[in-house]
Amino acid sequence: MDCQAHMQSTSTEPAVRRALLAGLAAYSIWGLAPLYFKLLQVVRADEIIAHRVVWSIGFLTLILLLRHGRGFVQHVRIHRRIAAALMLSSFLLAINSLLFIQAVHSERVLETSLGYFISPLASVVLGRLFLGEHMIPAQRWAVALAAFGTAYLFFTIEQLPWFALGIAASWALYGLVRKVTEVGPMVGLLWETILMSPFAIAWLLWLSHQDWMMFMTGPRGSSWVSGRT
């Protein structure tokens with residue numbers, strides 16, 4: 001029994017290490033993202049999100065085609081139940097991205113940082129409540145330290161941080177939905193963008209009709225940066 005437990009623990013170590021590195025990389029990218037979106041301050045946040053949805057479909061499809069070739073269709077096929085869950089996760093992802101970009105455009109970058117400080121704590125609570133997950137003592141100390149730092153930042157902000165709370169809630173809920181949805185990260189993201197695409201395309205058409213769309217008409221360089229992220 002001890003030998004079997006040891007083998008299972010050893011086999012999970014690389015996966016845990018990869019997950020940790022992926023998490024660090026993701027949060028590092030999000031930490032630098034405000035510098036990028038600051039360059040797009042002339043473009044509406046909703047237009048940026050809509051373009052990212054549309055262009056991401058082609059980008060993700062190309063990557064999966066290169067990976068799986070003729071098995072592409074079989075690989076990306078999903079059950080209706082999974083599609084329903086991904087519809088919910090795509091909505092949460094869109095809300096999170098919209099709040100993040102709008103906060104950057106509104107000169108409230110500190111709130112985005114606070115939101116992503118709060119979101120892991122919210123994920124811990126959701127994991128405990130809905131997934132029955134437990135923490136080792138070292139993890140509890142780390143969470144307590146993060147909670148103290150977050151509380152300090154929260155109370156130093158002079159106004160109620162709506163952006164931070166919205167970002168934290170949407171990101172934590174998104175993580176929970178994706179955790180319980182049996183689909184790979186790339187396939188899941190592809191379907192999320194596909195499910196969001198009718199809304200994104202309709203919104204872009206409406207912006208174009210109102211002469212509010214910056215793509216191909218705004219300042220030089222903004223079309224390339226916003227449309228092809």
Side-chain angles (χ1 to χ4, degrees), residues 19-20 22-53 55-56 88-130 135 139-179 189 192-193 196 199-200 203 207 212-214 218-219 221-222 225-227 229:
L20 177 60
L24 291 174
Y27 278 99
S28 297
I29 292 171
W30 275 109
L32 296 173
L35 299 176
Y36 172 79
F37 288 116
K38 187 67 175 177
L39 299 174
L40 294 174
Q41 197 164 8
V42 297
V43 186
R44 293 166 56 107
D46 48 21
E47 181 180 348
I48 295 174
I49 298 300
H51 275 296
R52 293 185 72 187
V53 170
W55 292 98
S56 292
L88 175 59
S89 65
S90 67
F91 173 77
L92 292 169
L93 183 59
I95 293 296
N96 180 267
S97 300
L98 184 62
L99 289 172
F100 177 78
I101 296 174
Q102 188 60 48
V104 173
H105 287 184
S106 302
E107 307 288 345
R108 296 170 73 173
V109 177
L110 178 59
E111 283 197 41
T112 68
S113 301
L114 180 58
Y116 287 113
F117 270 117
I118 298 174
S119 61
L121 302 178
S123 296
V124 168
V125 174
L126 293 176
R128 183 70 180 90
L129 292 177
F130 294 98
M135 294 184 293
Q139 291 173 326
R140 293 174 183 172
W141 279 107
V143 169
L145 182 61
F148 177 79
T150 300
Y152 175 78
L153 289 175
F154 189 90
F155 287 109
T156 56
I157 296 178
E158 297 179 355
Q159 55 184 331
L160 188 63
W162 291 109
F163 280 115
L165 295 175
I167 287 172
S170 58
W171 190 245
L173 289 171
Y174 173 78
L176 176 63
V177 173
R178 287 302 302 268
K179 175 71 175 179
L189 183 57
E192 284 173 343
T193 55
M196 281 193 290
F199 305 99
W203 189 251
L207 290 176
W212 291 347
M213 190 162 68
M214 297 293 291
S222 63
V225 178
S226 64
T229 56

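Just so we're clear, the structure is a prediction, and the values are computed from it rather than from any experiment. Each residue takes its place number in the sequence, starting with 1.
For the pair K38/E107, a side-chain contact is recorded, criterion being any heavy-atom separation below 4.5 Å from C-beta on. Considering only heavy atoms from C-beta on, I48 comes within 4.5 Å of H105 through its side chain. Using a 4.5 Å heavy-atom cutoff, the side chains of H51 and M213 are in contact. Within the 4.5 Å cutoff, the side chain of L32 has no heavy atoms near those of the S28 side chain. In this structure, the side chains of V104 and L40 stay at 4.5 Å or more apart for every pair of heavy atoms.
Taking OG1 of T193 as the reference point, atom CG of L189 lies at 5.5 Å (rounded to 0.5 Å). Rounding to the nearest 0.5 angstrom, the gap separating the CG atom in L173 from the CZ atom in F91 is 11.0 Å. To the nearest 0.5 Å, atom CE of residue M196 and atom CG of residue L93 are 5.0 Å apart. Of the inter-residue distances, the one linking S119 atom OG with L114 atom CG reads 9.5 Å to the nearest 0.5 angstrom. In this structure, CZ on F100 lies 6.0 Å from CZ on F37, to the nearest 0.5 angstrom.
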### Query
Between W171 and L92, does a side chain to side chain contact (heavy atoms under 4.5 Å, CB included) hold up when you go through it step by step?
CA-CA 7 Å; W171 190 245; L92 292 169; over 6 Å; no
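Closest approach of R44 to W212, counting heavy atoms only: NH1-CE3, 3.9 Å. Closest non-hydrogen pair, A147 versus L121, comes out as CA-CD1, 3.6 Å. When all heavy atoms of F163 and R108 are compared, the pair lying nearest together is CE1-NH1, 3.5 Å. Shortest non-hydrogen contact noted between G115 and A168 is O-CB, 3.4 Å. Taking each heavy atom of I101 and R52 in turn, the nearest pair found is CD1-NH1, 4.5 Å. Scanning both residues, S170 and N96, for their nearest heavy atoms gives OG-ND2, 3.1 Å.
Checked by atom type and distance alone, the side chain of T112 pairs as donor or acceptor with a backbone atom of V109 at under 3.5 Å. In this structure, E47 contributes its side chain and M214 its backbone to a donor-acceptor pair below 3.5 Å.
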